[in-house]
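Shown next, in structure tokens, is the structure this report addresses.
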Amino acid sequence: MLLKIKALIAKIIVNDFTGKVITTLFSNKIPFHNLTINISNPIIRKRIGASLYFKTYESAEVRFISKYLQNFDGNIVEFGASIGVVSSTLAKANPKAKLFSFEADSRFIPIITNNFKINKIDNANCFNEIIGASGYEFIPGKDNTMGKISKSDVVSNSMNSLSTILEKYKIQEYVLVSDIEGAEYFVLSENESVFENCPMLIMELHPIQIEDKLISVEDLKVRIQELGYSIVEQYGSNVVAKRKKQ
């Protein structure tokens, strides 16, 4: 019930009209907790300005970072960096960590880089990488609804798995933060050995349709547990999972 009430309030106050007013008042530089986020790029919807200002933007992820991922001094891998809000939150909360932020849409890379610069972040870098599997096409759902994975005749060399990302960037031990609109299915399909040096996951889970089969959030949670994790907290479809001690 509480989630439904919060969603209703957010729907009322977070929209393009409110966002346009707020972005005008703040000259596109929106305060968000201890950050300033520049949303002047025209590809960013105005409603994002309202979401940032009213602190509804990725609120579960931000809360989980505050509670579970503070002053970490290792590697943090982030999938789905978007405009760099969660990325900047991670970097600020963990100044001794090394943050690898990955975003599939190349248009967002300069936006992320600029927000790192504005917030004086020097322990993070962003990269244009797509999580997926060759021979499959991933179509994200509109406005965070159910996405779809289908077989494709197109063989792409641009697709990466978690394991290839770790190898390419020479990452060994790491914490994983992910919000990739359903493509986390590919991440969680990896062998358990890929996660042996990953003590914690913070993930937003999305239902996904694979041809005629529906993979639900509950199915993805089961898969996380099969990979050797215990889910320690959940808010909506966002989960924190910690690796079980062997």
Side-chain angles (χ1 to χ4, degrees), residues 10 14-66 69-131 140 143-144 158 160 165 168-171 174-181 183 202-204 238:
V14 175
N15 53 60
D16 286 330
F17 174 77
T18 307
K20 186 174 182 179
V21 173
I22 290 169
T23 54
T24 300
L25 288 173
F26 287 94
S27 300
N28 287 306
K29 295 180 179 179
I30 314 300
F32 181 77
H33 298 289
N34 63 335
L35 302 169
T36 299
I37 304 299
N38 188 315
I39 61 167
S40 58
N41 193 301
I43 68 172
I44 303 173
R45 292 179 60 181
K46 294 300 182 184
R47 67 186 301 272
I48 297 299
S51 181
L52 289 166
Y53 181 76
F54 292 113
K55 310 289 190 296
T56 63
Y57 186 93
E58 304 294 4
S59 58
E61 288 180 55
V62 171
R63 184 165 69 89
F64 284 161
I65 291 166
S66 177
L69 195 51
Q70 292 277 332
N71 298 312
F72 178 67
D73 60 1
N75 297 314
I76 301 173
V77 174
E78 180 201 17
F79 290 152
S82 187
I83 62 173
V85 179
V86 173
S87 315
S88 298
T89 301
L90 283 165
K92 283 285 190 179
N94 302 278
K96 293 183 180 180
K98 186 174 182 180
L99 174 63
F100 298 82
S101 292
F102 299 98
E103 171 52 44
D105 191 334
S106 61
R107 298 176 302 168
F108 287 97
I109 300 301
I111 298 173
I112 299 166
T113 301
N114 187 42
N115 279 320
F116 285 167
K117 183 178 179 180
I118 290 170
N119 291 287
K120 299 180 180 179
I121 290 169
D122 58 8
N123 61 327
N125 287 290
C126 59
F127 308 92
N128 178 215
E129 300 283 8
I130 303 172
I131 301 300
D143 292 332
N144 215 28
S158 64
N160 285 286
I165 288 287
K168 180 176 181 179
Y169 293 91
K170 297 180 173 57
I171 302 168
Y174 65 100
V175 164
L176 178 62
V177 179
S178 172
D179 180 4
I180 45 179
E181 309 303 326
I202 298 177
M203 303 187 80
E204 182 169 350
N238 294 268

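Only this structure's heavy atoms are used, side chains among them; waters, hydrogens and symmetry mates stay out. Just so you know, residue 1 is the first one in the sequence shown, and it goes up from there.
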Check: Does Tyr53 have its ring centroid less than 6.0 Å away from the ring centroid of Phe26?
Finding: yes

Correct closest heavy-atom pair for Asn38 and Ile44 would be O-CD1, 4.3 Å

Scanning both residues in full, the closest heavy-atom pair of Val177 with Val86 reads CG1-CG1, 4.5 Å

For the side chain of Asn123 and the backbone of Asn94, is there at least one donor-acceptor N/O pair under 3.5 Å apart?
yes

Between Val62 and Tyr57, the two heavy atoms sitting closest are CG2-O, 4.2 Å

Where the side chain of Asn75 meets the backbone of Ala97, is there a donor-acceptor pair that is under 3.5 Å apart? no

Expected output: side-chain Thr18 to main-chain Asn15 donor-acceptor under 3.5 Å = no

Just do the side chain to side chain contact (heavy atoms under 4.5 Å, CB included) check on Phe116 and Ser101 with the steps written out, would you? CA-CA 11 Å; Phe116 285 167; Ser101 292; 4.2 Å; yes

(message) side chain to side chain contact (heavy atoms under 4.5 Å, CB included), that's the test. Do Ser178 and Ile202 meet it? Break it down for me.
(response) CA-CA 6 Å; Ser178 172; Ile202 298 177; over 6 Å; no

Spell out, as yes or no, whether a donor-acceptor pair under 3.5 Å connects the side chain of Glu103 to the backbone of Ser82. yes

Value for CZ (Phe100) from CD (Glu129), rounded to nearest 0.5 Å, stands at 12.0 Å

When rounded to the nearest 0.5 Å, the distance separating OG of Ser40 from CG of Asn114 is 7.0 Å

request  = Taking Ser51 for its side chain and Arg47 for its backbone only, find out whether a donor-acceptor pair lies under 3.5 Å.
outcome  = no

Between Leu90 and Leu69, the two heavy atoms sitting closest are CD2-CD2, 3.6 Å

In this structure, CD of Glu204 is separated from CG of Asp179 (nearest 0.5 Å) by 4.0 Å

In short, Lys55 meets Pro31 closest at the heavy-atom pair NZ-O, 4.1 Å

For the backbone of Asn119 and the side chain of Lys92, can you confirm whether one donor and one acceptor N or O come within less than 3.5 Å of each other? yes

Q. Going through the distances and angles, do Ile130 and Asn160 end up as a side chain to side chain contact (heavy atoms under 4.5 Å, CB included)?
A. CA-CA 6 Å; Ile130 303 172; Asn160 285 286; 5.6 Å; no

For this session: Begin from the C-alpha positions of Tyr169 and Phe127 and carry the test ring pair (Phe, Tyr, Trp, His ring centres under 6.0 Å) through to its verdict.
Result: CA-CA 10 Å; Tyr169 293 91; Phe127 308 92; 4.6 Å; yes

Note: Ile22 and Gly49 closest approach over all heavy atoms is CG2-O, 4.0 Å

Discussion item. Please check: side-chain N/O of Asn128 versus main-chain N/O of Ala104, any donor-acceptor pairing under 3.5 Å?
Written reply: yes

Taken in chain and number order and not counting sequence neighbours, the residues that satisfy side chain to side chain donor-acceptor pair (under 3.5 Å) with Asn125 are none

With heavy-atom distances below 4.5 Å as the criterion, would you say the side chains of Arg45 and Asp16 are in contact? yes

May I have the step-by-step check of side chain to side chain contact (heavy atoms under 4.5 Å, CB included) for Ile165 and Phe102, ending in yes or no? CA-CA 9 Å; Ile165 288 287; Phe102 299 98; 3.6 Å; yes

